[in-house]
Amino acid sequence: MSNWTAGYVADIAYTYGYYAELNPHRVKMAFLSAGLACPEIGTACELGFGQGVSANLHAAASTIQWYGTDFNPSQAGFAQELARASHSEAKLFDESFADFAARNDLPEFDFIGLHGIWSWISDENRSTIVDFIRKKLKVGGVLYISYNTQPGWANFAPMRHLMTQHAEVVGVEGNGIVSRINGALDFTEKLLATEPLYARANPHVHERVKKLKEQNRHYLAHEYFNRDWLPMHFSTMAEWLEPAKLSFACSAHYLDQIDSINLSNEQQQFLEDIPDAMFRETVRDFMVNQQFRRDYWVRGPRKLGNIKQTELLRQQRIILIQHRPDVSLTATGSLGEANMQEAVYAPILDTLADHQIMTLGHIEQITGQSFVKILQAIYVLIGSGSLVTVQNDDEIAKAKPRCEQLNLHLCKQARASNEVGYLASPVLGGGVPVGRFQQIFLLARQEGMHQAEEWAQYAWQILVRQEQRLLLEGKTIDSEEGNLSQLRKWAHTFADKELKILKALGVA
């Protein structure tokens with residue numbers, strides 16, 4: 001592996017994922033929940049942006065000026081292509097963290113984000129990142145950082161080490177990383193079949209290895225097979241970030257803030273009796289067996305008074321992004337699946353069912369429910385992916401042309417592949433899930449076709465030209481009529497449910 005990779009897997013492309021936690025517009029609601037003032041965000045930076053999907057969707061869909069770097073030139077090239085398509089003027093580079101940090105043309109940032117990469121880089125690179133944050137994050141600025149953590153990885157960490165050792169020592173280098181991953185997984189299964197004492201002491205390992213075999217090899221390569229890999233305790237992360245004068249603000253994963261679905265009453269009381277907030281967070285990780293943290297840190301937290309906090313929360317705008325009858329009244333936390341109170345949630349969802357933007361204060365007036373109940377319900381629904389926060393009208397108007405240009409580019413790409421399953425929404429200031437064929441249906445509409453039957457036929461002709469067929473439940477549909485029948489089902493579902501939502505989000 002060449003030196004420029006610094007031990008990071010570079011011979012297989014990273015996945016084309018989108019991570020909503022990197023959207024600065026999600027910060028405000030999370031901070032308000034924690035009683036903290038949120039800065040106005042005008043400049044943002046993503047370190048280690050992968051394929052650049054998140055950075056580009058956020059740059060196109062907002063008025064924020066984005067910067068970022070990813071050391072892999074192939075990935076940076078794809079990211080730059082998306083930036084050109086949207087005319088967002090995002091500044092995206094293929095530099096190492098050290099080279100990027102040494103640039104003299106970077107502004108100070110209101111927001112810096114790193115998704116996952118902290119766990120897979122060397123201490124030298126971690127030090128470079130912390131120094132960059134110390135120098136470039138503004139007073140009051142926000143850091144989003146996610147990372148593998150303990151104690152959730154304690155049981156499986158030895159198995160991960162064994163798999164990477166097999167790939168490195170036994171795997172044949174010339175066969176490529178995918179072959180070595182497959183070999184390591186097969187070896188691990190054979191080892192577990194001998195019933196080692198390690199597996200008896202950690203019975204969940206069998207199921208975890210089984211699930212790994214079902215996952216995308218591109219994901220596994222970057223998640224498990226880098227040279228550097230370090231799950232970190234929350235307290236250790238706090239020590240790393242201390243030189244940058246950062247304080248923990250709150251979880252970026254909204255459901256983590258709902259104690260009732262994550263902690264028993266006894267556990268909640270136990271935590272309340274711990275006076276130190278940082279130690280309390282470490283103890284909480286043991287209670288929920290935390291494996292992956294998604295956190296906001298702030299350079300100089302400012303507490304809001306109760307009156308100001310409630311005023312700002314009432315002004316917060318949201319929108320429903322799921323078909324109302326399809327919204328599940330369950331939420332999954334560390335304690336398992338919890339049922340939502342229909343008497344509380346149904347009136348809120350009914351009020352939002354037409355996918356119009358609405359403030360929390362307006363919902364309070366319409367439903368007549370207590371604001372405390374509304375607030376918890378909103379956090380749960382945002383965390384579950386049913387609701388999202390919304391930009392102001394001026395930002396929406398300015399972002400709309402860029403979103404249209406980027407979405408057209410992505411929809412055209414969808415004719416050949418399903419790599420990017422998201423489009424840019426000026427309403428959200430970020431991305432929204434839209435599958436390959438739904439993107440093709442949008443393309444058909446843009447070309448003047450307005451009926452579901454036309455969209456299905458349009459999609460079929462694209463498949464025919466590429467000699468492709470649909471794959472459903474692991475089986476290829478061979479016949480023309482079988483493919484058309486499935487495409488018609490998807491097209492009618494799109495017309496009946498999804499199109500109205502995408503229109504409300506400024507995507508269609």
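Of the possible polar contacts, one joining the Gln391 side chain to the Ala61 backbone as a donor-acceptor pair under 3.5 Å is found. Without hydrogens or angle criteria, Ser33 side chain to Met29 main chain gives no donor-acceptor distance under 3.5 Å. Checked by atom type and distance alone, the side chain of Gln316 never pairs as donor or acceptor with a backbone atom of Leu312 at under 3.5 Å. Using a distance-only test at 3.5 Å, with no hydrogens or angles considered, no donor-acceptor pair links the side chain of Ser119 to the main chain of Met232. At least one donor-acceptor pair closer than 3.5 Å links the side chain of Ser425 to the backbone N or O of Leu505. Remark: side-chain polar atoms of Gln439 are paired, donor with acceptor, to backbone N or O of Val434 under 3.5 angstrom. Looking only at distances, no side-chain donor or acceptor of Arg180 sits under 3.5 Å from a matching main-chain atom of Glu168. For Ser384 (side chain) and Ser386 (main-chain N/O), no donor-acceptor pair under 3.5 Å exists by modelled atom type. Looking only at distances, no side-chain donor or acceptor of Gln290 sits under 3.5 Å from a matching main-chain atom of Gly152. Side-chain atoms of Glu419 never come within 3.5 Å of backbone atoms of Gln413 as a donor-acceptor pair (strictly under, hydrogens ignored).
Look at Asp131 and Lys135 and you find a salt bridge, because one of the NZ, NE, NH1 or NH2 atoms lies within 4.0 Å of a carboxylate O, short of that distance. Salt-bridge annotation for Arg317 and Asp393: present, with a side-chain N of the basic residue lying under 4.0 Å from a carboxylate O of the acidic one.
Taking each heavy atom of Leu360 and Phe371 in turn, the nearest pair found is CB-CE1, 3.9 Å. For Leu36 against Pro301, the heavy-atom pair with the smallest separation is CD2-CB, 4.1 Å. Summarising the geometry of Ala79 relative to Asn56, their closest heavy-atom pair is O-ND2, 3.0 Å, with the distance given to 0.1 Å. Ile374 approaches Ile348 most closely through the heavy-atom pair CA-CD1, 4.1 Å. In terms of heavy-atom proximity, Ala76 sits nearest to Phe93 at CB-O, 3.8 Å. Of all heavy-atom pairs between Arg436 and Ala414, the closest is NE-O, 2.7 Å.
Side-chain contact between Trp240 and Ile145 is absent, with no heavy atoms from C-beta onward closer than 4.5 Å. Within the 4.5 Å cutoff, side-chain heavy atoms of Thr164 are placed close to those of Arg160. Side-chain contact between Leu499 and Arg445 is present, with heavy atoms from C-beta onward closer than 4.5 Å. In this structure, Leu230 and Asn148 have side chains that are not in contact, with every pair of non-hydrogen atoms separated by 4.5 Å or more. At a threshold of 4.5 Å between non-hydrogen side-chain atoms, the residues Tyr345 and Val327 do not count as touching. You'll find the side chain of Asp295 stays beyond 4.5 Å of the side chain of Met237, heavy atoms only. In this structure the side chain of Cys411 reaches within 4.5 angstrom of the side chain of Leu423, judged on heavy atoms. Contact check for Phe132 versus Thr128: no side-chain heavy atoms found under the 4.5 Å cut-off.
Of the options Thr389, Val507, Ile319, a side chain to side chain contact (heavy atoms under 4.5 Å, CB included) to Leu428 is made by Ile319 and by none of the others. Between Val388 and the choices Ile318, Leu320, Ile321, the side chain to side chain contact (heavy atoms under 4.5 Å, CB included) rule is met once, by Ile321. In summary, of the residues considered (Phe109, Phe49, Phe100), a ring-ring contact (aromatic ring centres under 6.0 Å, His included) with Tyr67 occurs for Phe109 alone.
With rounding to the nearest 0.5 angstrom, the CG atom of Leu82 is 6.0 Å from the CG atom of Leu410. Atom CD1 of residue Ile129 and atom CD1 of residue Ile112 lie 10.0 Å apart, to the nearest 0.5 angstrom. One distance of note links CG of Leu349 with CE of Met340; it measures 8.0 Å at 0.5 Å rounding. To the nearest 0.5 Å, the span separating OG on Ser260 from CG on Leu335 amounts to 8.5 Å. With rounding to the nearest 0.5 angstrom, the CG atom of Asn392 is 7.5 Å from the OG1 atom of Thr63. For the atom pair Asn262 CG and Thr332 OG1, the distance stands at 10.0 Å (nearest 0.5 Å).
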The test is side-chain contact (heavy atoms from CB on, under 4.5 Å); show your working for Glu46 and His58 and say whether it passes.
CA-CA 11 Å; Glu46 184 178 352; His58 295 144; 5.6 Å; no
Could you go step by step and tell me if Arg284 and Asp256 meet the salt bridge (charged side-chain N to carboxylate O under 4.0 Å, His left out) rule?
CA-CA 11 Å; Arg284 191 182 193 279; Asp256 280 349; 5.0 Å; no
Let's go through Asp94 and Asn72 carefully: what are the C-alpha distance in whole Å and the side-chain angles of both, what is the deciding distance for side-chain contact (heavy atoms from CB on, under 4.5 Å) to 0.1 Å, and is it a yes or a no?
CA-CA 6 Å; Asp94 72 330; Asn72 188 314; over 6 Å; no
Take Thr43 and Ile64, measure what side-chain contact (heavy atoms from CB on, under 4.5 Å) needs, and give me the verdict at the end.
CA-CA 5 Å; Thr43 54; Ile64 297 170; 5.6 Å; no
Chi angles and distances behind the ring pair (Phe, Tyr, Trp, His ring centres under 6.0 Å) call for Tyr18, His115:
CA-CA 10 Å; Tyr18 169 75; His115 184 75; 10.0 Å; no
Could you go through the side-chain contact (heavy atoms from CB on, under 4.5 Å) check for Arg280 and Val283 one step at a time?
CA-CA 5 Å; Arg280 190 186 311 129; Val283 174; 5.8 Å; no
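The neighbour count for Arg302 CZ, taken as heavy atoms of other residues, nucleotides or ligands under 6.0 Å away, does not exceed 12. More than 12 heavy atoms of other residues, nucleotides or ligands shown are found within 6.0 angstrom of CD on Gln215. The environment of NZ in Lys373 is sparse: at most 12 heavy-atom neighbours from other residues, nucleotides or ligands sit within 6.0 Å. More than 12 heavy atoms of other residues, nucleotides or ligands shown are found within 6.0 angstrom of NZ on Lys138. Other residues, nucleotides and ligands contribute more than 12 heavy atoms inside 6.0 Å of the CD atom of Glu311. Counting non-hydrogen atoms of other residues, nucleotides and ligands closer than 6.0 Å to CG of Asp273 gives a total above 12.
By the 30° and 60° cut-offs, the orientation of the rings of Phe234 relative to Phe248 is perpendicular.
By the 6.0 Å and 45° rule, Arg293 does not stack over the aromatic ring of Trp153.
Checked against the 6.0 Å centroid threshold, Trp118 and Phe292 do not count as a close aromatic pair.
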